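Naming convention: chains lettered A, B, ... in sequence-line order (proteins, then strands); numbering from 1 in each chain. As the structure is a prediction and not an experimental result, all values here were calculated from the model.
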There are 2 protein chains.
Amino acid sequence: MTQTQGERKAETRALLLAAGADLFADRGIDAVSVDAVAEAAGRTSGAVYAHFGSKQGLLLAVLDAWKQSVLTVLFAEVAMSDSPLGQLAAVWDNIGNNPDTDSDRWSLLEHELWQRATRDPEVADVLRARSVESRGRSARELSRWASTMSVQPVADPDDLATLVKALLTGLEMQRRIEPDSVNCDLAVRGLAALLGMPPVPEIPIQPHHRVNATPSLTTHPPRER
Amino acid sequence: MTQTQGERKAETRALLLAAGADLFADRGIDAVSVDAVAEAAGRTSGAVYAHFGSKQGLLLAVLDAWKQSVLTVLFAEVAMSDSPLGQLAAVWDNIGNNPDTDSDRWSLLEHELWQRATRDPEVADVLRARSVESRGRSARELSRWASTMSVQPVADPDDLATLVKALLTGLEMQRRIEPDSVNCDLAVRGLAALLGMPPVPEIPIQPHHRVNATPSLTTHPPRER
DNA sequence: CTACATATATAGTGATTCCTATGCAATACG
DNA sequence: CGTATTGCATAGGAATCACTATATATGTAG
């Protein structure tokens, strides 16, 4: 039952990071006090300062954890759908179509971080690096995808990835303000246009495949061994 | 030299609203204290509470002023460009291509408000209403535009307006993180694809027309008469 | 000229926040 | 088994914030 000190330390760190990500996404970074994070993690503010030194330190650590866990999945798991349009639908489904899921909270956290990056160069640097890497990955996926289907996208893979990400981001934001104005069909039409596919006929959407590989945002302390 | 009480009151209100919009956009709503707004307006916090009752009241008043002053210009003034691609370039130019301008700060404020709307239903309602109206306007412009040029957009005007706005929003966000990854050419290609135009050749962009009708965000107190 | 009304300034209060200094109990180690 | 170390808790300080209560000065009306 007793843990080594290293184990307890790692568990505390993981709990704090999970609680931080959760609360930051939920209430907004500024509205979350250090004590709130600590309490949500079942610890006290002392633990936060022992681990991260400051609230900004906690934020950067959360950012780091976020960095290497999201959106890797964006295109990686899409190939499981059969039809090309079904694949596009699956993409949208993972980004913006499922409220109250983990990916929903991740995207809220992403917005929170984006806004922070607007004023905090330290955060902006991390986001920029992540953006480059993520775009590279998407670009590779997209160019493979475009060559297997014979379509002619509107730009080279790197730029195309930027356009796709931008459209998805914008649609997801619009969905939060006015949910009815954005649906899967619309997202698919937009994506298809960017990808240079022929115009989409009516009601072409098959039932979606939920890609369930998004890492959990809530507590996932390292399994005790 | 002496003003009537009504004049001074109106001037103070305008000063406070301008200072509020400015500071909210610049530093973020939560990071701005009531005293900071008052001081920037050359008044004290007492004036803020006399006029708006609370910080939230000030925010809603700023929101109201913002509501009826932005993005009306989005498509309204675009027709002045000659070539179709030049028109698209002008659209992007007004949204996301000019840092450190008034429209730049307005868009920062818009993001600030969007984020707020995520948690504050009062703000969300206003943004939703504005979104509906703005989309309607854009849809009308777009359908006229699409019929004069003979192109076949990827969706009906209302949905098309949503796609266009989403793409522009997403690109503008990306530009703030990684300015080099977004340029006018890219925006034009994306827009052209959504509008169903034939693929854009290389380097088709002519010098942009700066549409200078965005209302100023900084102080514009009612002219004394 | 006087009495009132109003717009804004001033001063202060309680609540909240981030962070520091220190204490303590459990583990690590010789 | 005793000492050192470590991980975290506890308590509190200084700053900031939204907001209130009251004062003041200036315009307004009779």
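Atom pair R43(B):CZ and dT10(C):C1' shows a separation of 16 Å (rounding to whole Å applied). Regarding L59(B), its CG atom lies at a distance of 12 Å from the P atom of dA18(D), rounded to whole Å. Rounded to whole Å, atom C1' of dC8(D) lies 13 Å from atom CD of E11(A).
Residues E11(A) and R8(A) are not paired through a salt bridge, judged by the lack of any N-O separation under 4.0 Å between the basic side chain and the carboxylate. Classification of E133(A) and R137(A) as a salt-bridged pair holds, one side-chain N sitting under 4.0 Å from a carboxylate O. A salt bridge between D64(B) and R130(B) is absent, with no side-chain N of the basic residue lying under 4.0 Å from a carboxylate O of the acidic one. A salt bridge does not link R140(A) to D158(A): none of the charged nitrogens lies less than 4.0 Å from a carboxylate oxygen. Remark: D102(B) does not engage R105(B) in a salt bridge, criterion side-chain N to carboxylate O under 4.0 Å.
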Identify the pairs formed between an N or O of the protein and an N or O of nucleotides 4-7 of chain D at a distance under 3.5 Å, and give each distance.
| residue | atom | partner | partner atom | Å |
| --- | --- | --- | --- | --- |
| dT6(D) | O4' | Q5(A) | NE2 | 3.3 |
| dT6(D) | O2 | Q5(A) | OE1 | 3.4 |

Criterion salt bridge (charged side-chain N to carboxylate O under 4.0 Å, His left out) on E110(A) and K165(A), from CA distance to verdict
CA-CA 13 Å; E110(A) 186 168 2; K165(A) 170 91 191 301; 3.7 Å; yes
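When the shell of 6.0 Å around CZ of R119(B) is examined, it contains more than 12 heavy atoms from other residues, nucleotides or ligands.
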Where along nucleotides 17-23 of chain C does protein come under 4.0 Å, by heavy atom, of base (B) or sugar-phosphate alone (S), with - for untouched nucleotides?
SSBB---
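The salt bridge (Lys or Arg N to Asp or Glu O under 4.0 Å) analysis of residues 27-42 of chain B, with sequence neighbours excluded, yields the pairs D30(B)-R116(B).
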